[in-house]
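The structure appears right after this line, and notes come after that.
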Amino acid sequence: MTSNPIYCAIDTLDIPKAAELARAVAPYVGGLKLGMEFFYRNGVFGYGALAEIGLPIFLDLKLHDIPNTVAHGLTALMPLRPAIVNIHIVGGRDMMQAARAAIDAADSQTQLIGVSVLTSLNNMDLADIGVERSTEEQVVALASLAQSCGLDGIVCSAHEITAIRDRLGADFKLIVPGIRPAGSAVADQKRVMTPSQAVAAGADILVIGRPITQQLDPAAAAAAIAAELGL
């Protein structure tokens, strides 16, 4: 982990383009986020090509299955030595505890993070799937459950940071997607905040993709966000 909270989401499937992008933004970010699209297409070989750049990697695969399957999946991933991996909290207590045990058994320093409520969802979306709590109430409840199962932190939107900090303290890691610099398009995100607002609220890591990667000069976009944060 680094003191720079910006993790750039690499959203191209092409390994050479992904590596070129990662090298361009490397001076201005603290890590890279590789999602399921990249990993499903390119696997261990693609991961290795990005790992060679030397930045910490958040392997964003959002594992969600029965406890045994998730535990074995994480065991298979541990030789890659990602800085962060994540699982869905709604997989339940047994699944999270099995995931924690798998990482501990591998003697890994990988941080285990729980996905709470996707930043593409709002109160109406939760109601559609039978969740009566508000997004904030649901995220805080899931965060508390994740902490009790030994997870290192959660993925949440910036809008839930204060409530989580009040409930769970300063040491629980908060990884925040849905970050949009002022003037950026919101796109499919519904619970967003600017980088400086999110850091001021208490975010540990900012996951930023399109506001960097879809700009004509991604390095300049990353540099501008770093400058906004005083880095």
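For this chain, numbers begin at 1 and follow the sequence in order.
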| query | If you take all heavy atoms of V70 and D65, which pair is closest and at what distance? | reply | CG2-N, 3.4 Å
| field | Pairs meeting criterion ring-ring contact (aromatic ring centres under 6.0 Å, His included) with involvement of residues 116-151, two or more places apart | value | none
| said: Keeping D11 on the side-chain end and T213 on the backbone end, is there a donor-acceptor pair under 3.5 Å? | reply: no
| Tell me, which pairs form a ring-ring contact (aromatic ring centres under 6.0 Å, His included) where one or both residues lie in residues 194-214, sequence neighbours left out? | none
| field | Set of residues satisfying side chain to side chain donor-acceptor pair (under 3.5 Å) with respect to S144, sequence neighbours excluded | value | none
| query | Can you list every ring-ring contact (aromatic ring centres under 6.0 Å, His included) pair that touches residues 89-129, not counting sequence neighbours? | reply | none
| Partners passing side chain to side chain donor-acceptor pair (under 3.5 Å) against R165 (at least two apart in sequence or in another chain) | D204
| task | Under the side chain to side chain donor-acceptor pair (under 3.5 Å) rule, collect the residues that match up with Q138, sequence neighbours excluded. | result | R133
| query | Can S134 and N123 be counted as having a side-chain donor-acceptor contact under 3.5 angstrom? | reply | no
| What's the shortest heavy-atom distance between A83 and P56, and which atoms? | CB-CB, 3.8 Å
| Listed once per pair and sorted, the ring-ring contact (aromatic ring centres under 6.0 Å, His included) pairs that draw on residues 96-118, sequence neighbours left out | none
| Which residue pairs pass the side-chain hydrogen bond (donor to acceptor under 3.5 Å, both in side chains) test with at least one member in residues 78-105, sequence neighbours excluded? | D60-N86, R93-S148, R100-D104, R100-D152
| request: May I ask you to check whether over 12 heavy atoms, not counting those of D107, lie within 6.0 Å of atom CG? | output: no
| query | In chain order, what residues pass the side-chain contact (heavy atoms from CB on, under 4.5 Å) check against I129, with sequence neighbours excluded? | reply | L126, V131
| task | Would you confirm whether T119, through its side chain, and P177, through its main-chain N or O, come within 3.5 Å as a donor-acceptor pair? | result | no
| message | Under the side-chain hydrogen bond (donor to acceptor under 3.5 Å, both in side chains) definition, can you give me all pairs with a residue in residues 35-49, not counting sequence neighbours? | response | none
| remark: Residues passing the side-chain contact (heavy atoms from CB on, under 4.5 Å) test with A105, sequence neighbours excluded, are none
Could you list the donor-acceptor pairs under 3.5 angstrom formed by side chains in residues 13-27, with sequence neighbours left out?
from, atom 1, to, atom 2, distance (Å)
D14, OD2, K17, N, 2.8

